[in-house]
Structures are given as structure tokens and as C-alpha cells.
Amino acid sequence: MHTICLIPGDGIGQEVVPAAAEALQLLGLDLTFVEAQAGFACFEQHGSALPEATLALARMSDAVLFGATSSPSTIIEGYRSPILALRREFDLYANLRPVYSLPGAFSQPGIDLLIVRENTEGLYSGRERCDGDTAIAERVITRTGSERIVRVACEQAMQRSELRCRPPVLTIVHKANVLKLTDGLFRDCALKVAEEFPAIKVNELLVDSAAMKLVKSPQSLDVLVTTNLFGDILSDEASALVGGLGVAASASLGSGTPVFEPVHGSAPDIAGQGISNPVGALLSSALMLEALNEPNAASRLRQAVLDTLASGLFTTDLGGMATTRQFTGAVCARLG
Ligand code: NAI
Ligand code: MG
């Protein structure tokens, strides 16, 4: 029995999370769904973007399936991004973003990489201040934070190597040539932790060069580990190689309830039209099933998504005509 807390959130989160839940229900597992609110609409209604009741439900669940929330780029008194708050509350320090080739002309072939992004510190430390006309953000890198994220990346590299029967390769992405203290510490910690995994071939790339390599030869990359902001940017970039934000999935793991969410945001430009791509949410659900130790259900769900894409049914972001409902219906038909 697994209890799953659904937090659709704002915008297209309200379309893709129900789509994923519909597919999850067809897998013959003993799943209990509880639904909770978060996001900007929730803030406007209840005065909190992440109410205590939502946290309580998430805490008692085995996993959270999160859609997306809208965060205005201006300061709104009392509003804080609920996903950042959730990551901090549950100390979800490891954000895993797998990027692999999908069947369709929208995707490049031969790509199978994983970006492991530190999720709690770096430039997203929340320490910003103004000093007259100067605004300052503190980029916080700690030894503990760096060591634990690199350990996760090494474990992932070992696991992937076993499953794929190929040698494990880890690429440490940083900018230590400029950020000598912060990324210097991250780099030192990464090299030290990687020594505990002698089977892993370790490379390092400066972040700008990593951004270029992702475009030029993504097929040569396996596991990348990096700090918070670099990971955020590189993973959106990497998603474009295989179809874009609509297909990108993620898992956030740490001490508390793990959170699974499509990488995209609330997409206000298409919200409410029923045309959002549910693939990111569906593949995030497959990652969730793996974490819940349901590998068979996870591969059935993933395969149903791949088969549906292979049949030529795509949403508009991938160059097709299918609506969210049509695509989800086709996945569900394969599962039922
Ligand atoms: P976005 O990911 O919402 O949208 C970027 C572009 O990709 C848009 O043109 C959108 O239509 C398209 N897109 C994204 N997901 C799609 C899908 N599933 N199917 C089809 N097209 C899709 O990013 P944007 O526009 O920068 O941010 C919008 C809002 O989302 C902001 O308020 C931002 O703060 C929030 N956001 C929330 C995140 C989260 O909850 N984890 C992550 C990223 C952004
Ligand atoms: Mg992002």
C-alpha cells in the first residue's frame, strides 16, 4: 500500500497531475491518493502558498506528485515559492533529472544522461538583500551539502552502469576557475567523494563548456553533478534535446517524503486550453514508482508513454495535434 499526495498547484499542474493519477490507477497497485493545495491561487484564497494542512498530508504520504506553481517575479508580501519551501522542509537535497531519447522527430537519438542537481543551497539560498542601489545574493556552498549530493550522483552512476552494462562516468560541473572559494569547495568535495567509487571514471567541465557540450555531443554524457542554479539551467537546456519542457521529469530525494514533478512550470500561456503535454508528469510518476520499489509498474507506465509517442500521437509542443485528454487516453488504453 502506498499513499500518494497529489499537489496539482497552478496552471497546467491542474491538467497534468490528474492525467498522471488516472494512469497510475490502472497499474493494479494498492494506491491511496490524497489531494492537497499549494500555489499562487491557494495563496490568494487562503493567505498561504503552502498551507500547514498540505505539509501534514505530504508528511504522512509515501510520495508527493507535484504539478507546478506560479511564482511572480516581483515581491509579494507573504508569498514564497511552495516548491522551494517543500524542498527545504523535507530536506530534498538531491534533484534527479534524467534526459533520454524519445521516439519522435522532436528528439535527438542516442541520448541517455542524468543531471544530479543540488537542491537546497547554492544561489537559491534565499539570502538576498539590497544595499542602496546594490542587490546581493549569497551563493552558499557547504562541505556537507556538496559531499552528500556527489555521493548520490556516484550511487546513481554505479546503478546505471549495472543496468546498462557500460562503465560508469561522472562529470563534475562547476566554475571553480572564477568562483574559487564556493566552487573550489564543491570541486574538492566532489573529487574526494568520487575516490570512494574507484570504478567510476571522473571528468570535470566548467559550466559554460558543459552547456556547449550538451548541445554539441550530448551522447557522450552519462551522469552530471552540479550546484543548484547550474543544474536548473542545464537541465532545461538538456530537455530541449529530447522534446523540451513538456517531457522532462524529475525526482527530489532527501530526508523527508520524496517529491516527483515535471520540470516545467505552470505555463500560463497555455493553461486551461487542455493542450498541455502530460509526458513530464507521467514520466515523473514512473520515477515515483521506482522510488516506491514498484519497478515493474514503473516500466509498464514508461513503456506505455514511449509506445504512445512511437505511435505518432503528440501534443502540440512536440509538433502534433493531440490534446492532454487524447494523449492520456491513449496511454491509459495501453495500460488497461
Ligand atoms: P513554463 O515551464 O511554465 O513554460 C515555458 C514554456 O514551455 C511555455 O511556452 C509553456 O507553454 C511551455 N510548456 C511548459 N510545459 C509544457 C507542457 N507540459 N506542455 C506543453 N507546453 C509546455 O516556464 P515559465 O513560463 O518560465 O514559467 C511560468 C510560471 O511557472 C512562473 O510563474 C514560474 O515561476 C513557474 N515555474 C514553476 C516551476 C515549479 O513549480 N516547479 C518550475 C518552473 C517555473
Ligand atoms: Mg527550471
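In listed order, ligands and their atoms are each counted from 1.
- Distances below 4.0 Å separate heavy atoms of A68 from the following atoms of ligand 1: 40 (O).
- By the 4.0 Å heavy-atom criterion, V16 is excluded from the residues contacting ligand 1.
- Taking a cut-off of under 4.0 Å to the non-hydrogen atoms of L245, the atoms of ligand 1 that pass are 2 (O), 5 (C).
- Checking only distances, S276 never comes within under 3.5 Å of ligand 1, N or O to N or O.
- Residues V223 and A153 approach most closely at CG1-O, 3.9 Å, considering heavy atoms.
- Taking the ring axis of F230 as reference, the NZ or CZ atom of R117 does not stay both within 45° of it and closer than 6.0 Å to the ring centre.
- Remark: D208 engages K175 in a salt bridge, criterion side-chain N to carboxylate O under 4.0 Å.
- In this structure, T226 contributes its side chain and V173 its backbone to a donor-acceptor pair below 3.5 Å.
- A salt bridge is defined here as a Lys NZ or Arg NE, NH1 or NH2 lying under 4.0 Å from an Asp or Glu carboxylate O, and D112 with R160 meets this definition.
- Between atom 21 (N) of ligand 1 and the options D269, T324, T316, I270, the minimum heavy-atom separation is to I270.
- In P268, the part holding a heavy atom less than 4.0 Å from any atom of ligand 1 is the side chain.
- Ligand 1 has an N or O atom lying under 3.5 Å from an N or O atom of G265, backbone or side chain.
- A centroid separation of 6.0 Å or more is found between the aromatic rings of F66 and F260.
- Taking 4.0 Å as the cut-off between side-chain N and carboxylate O, R127 and E121 do not count as a salt-bridged pair.
- Set against the non-hydrogen atoms of A267, the atoms of ligand 1 under 4.0 Å away are 3 (O), 10 (C), 11 (O).
- Only side-chain heavy atoms of I12 come within less than 4.0 Å of ligand 1; its backbone N, CA, C and O stay farther off.
- Residue contacts with ligand 1 leave out T315, since none of its heavy atoms falls under 4.0 Å from the ligand.
- At a heavy-atom cutoff of 4.0 Å, ligand 1 is contacted by the side chain of D317 but not by its backbone.
- R300 has no carboxylate O lying under 4.0 Å from a charged side-chain N of E294, or vice versa, which leaves the two without a salt bridge.
- With sequence neighbours left out, the side-chain hydrogen bond (donor to acceptor under 3.5 Å, both in side chains) criterion links R80 to no other residue.
- When each atom of ligand 1 is checked for a heavy atom of E261 under 4.0 Å away, the hits are 41 (N).
- Of the N or O atoms in S70, none lie within a sub-3.5 Å distance of an N or O in ligand 1.
- Taking 4.0 Å as the cut-off, S266 counts as a neighbour of ligand 1 on heavy-atom distance.
- For ligand 1, the polar-atom distance check finds no N/O of G67 at less than 3.5 Å from any of the ligand's N/O atoms.
- Screening T315, T324, T316 against N277 for a side-chain hydrogen bond (donor to acceptor under 3.5 Å, both in side chains) leaves a single residue, T315.
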